[in-house]
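What you see below is based on every heavy atom in this structure, not just the backbone, and it leaves out hydrogens, waters and symmetry mates. When a residue number appears, it is its place in the shown sequence, counting from 1.
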Amino acid sequence: MSQQSDPASIIRYALEESRGRGLDSLGQINHAVRRVLALRPDMGRSRAESLVQEAIWPRPSRPPRAVPAAMAAPRRRPPSVLRSGSGD
């Protein structure tokens with residue numbers, strides 16, 4: 001693989017290779033991180049570890065952040081003391 005190889009393909013290959021060797025999950029992670037760093041020296045260790053862990057345990061997709069109008073908190077008016085208005 002060339003130096004500019006896609007990290008995802010490097011990780012997939014390294015994980016398959018480490019599973020074939022019978023490594024446990026920590027050994028698989030370490031092997032994949034070492035492989036990524038060897039083939040992509042431009043990438044930092046923490047970034048490589050994050051990519052490997054995300055490949056093994058992908059994050060669940062989040063539901064949309066929009067809140068339905070029926071569930072929105074009611075707007076409260078400030079007390080009359082705080083309202084700006086005319087008069088003393």
Side-chain angles (χ1 to χ4, degrees):
M1 289 184 197
S2 68
Q3 182 178 357
Q4 297 302 323
S5 296
D6 178 34
S9 62
I10 297 170
I11 293 168
R12 277 193 305 271
Y13 181 78
L15 290 175
E16 289 175 14
E17 185 179 49
S18 62
R19 287 178 187 136
R21 292 182 183 175
L23 297 176
D24 62 354
S25 60
L26 185 59
Q28 292 174 17
I29 292 171
N30 289 332
H31 176 73
V33 169
R34 284 193 308 270
R35 180 60 60 114
V36 169
L37 293 175
L39 296 175
R40 291 289 305 268
D42 60 314
M43 189 176 294
R45 183 169 184 83
S46 63
R47 177 69 177 143
E49 288 173 350
S50 297
L51 290 173
V52 169
Q53 289 180 1
E54 193 169 312
I56 294 175
W57 300 290
R59 296 180 184 169
S61 60
R62 293 183 178 177
R65 294 197 65 144
V67 176
M71 295 183 69
R75 289 190 171 170
R76 303 191 80 177
R77 296 181 63 179
S80 60
V81 177
L82 300 176
R83 285 189 209 141
S84 60
S86 62
D88 281 319

| said: The criterion is salt bridge (Lys or Arg N to Asp or Glu O under 4.0 Å); which residues satisfy it with Arg34, sequence neighbours excluded? | reply: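 Applying salt bridge (Lys or Arg N to Asp or Glu O under 4.0 Å) to Arg34 gives none.
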| Non-hydrogen atoms of Ala14 and Ala32 that approach each other most closely |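 Shortest heavy-atom contact: CB-CA, 3.7 Å.
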With sequence neighbours excluded, what pairs up with [X] under the side chain to side chain contact (heavy atoms under 4.5 Å, CB included) test?
X: Leu51; result: Pro7, Ile11, Met43, Arg47
X: Ala8; result: Asp6, Arg12
X: Leu23; result: Ser18, Arg21, Gln28, His31

| query | Just how far is it from atom OH of Tyr13 to atom OG of Ser5, taken to the nearest 0.5 Å? | reply |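 Nearest 0.5 Å value for the OH-OG distance: 12.0 Å.
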| task | Starting at CD of Glu49, measure out to CD1 of Ile29 and round the result to the nearest 0.5 Å. | result |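 It is 9.0 Å, given to the nearest 0.5 Å.
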| task | Please check if Val52 and Trp57 belong to a single hydrophobic cluster, counting links between Ile, Leu, Val, Met, Phe, Trp and Tyr side chain heavy atoms closer than 4.5 Å. | result |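 Yes, Val52 connects to Trp57 through the hydrophobic network.
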| request: Go through the steps to decide whether Arg45 and Leu37 satisfy the test side-chain contact (heavy atoms from CB on, under 4.5 Å), and finish with yes or no. | output: CA-CA 7 Å; Arg45 183 169 184 83; Leu37 293 175; 3.4 Å; yes
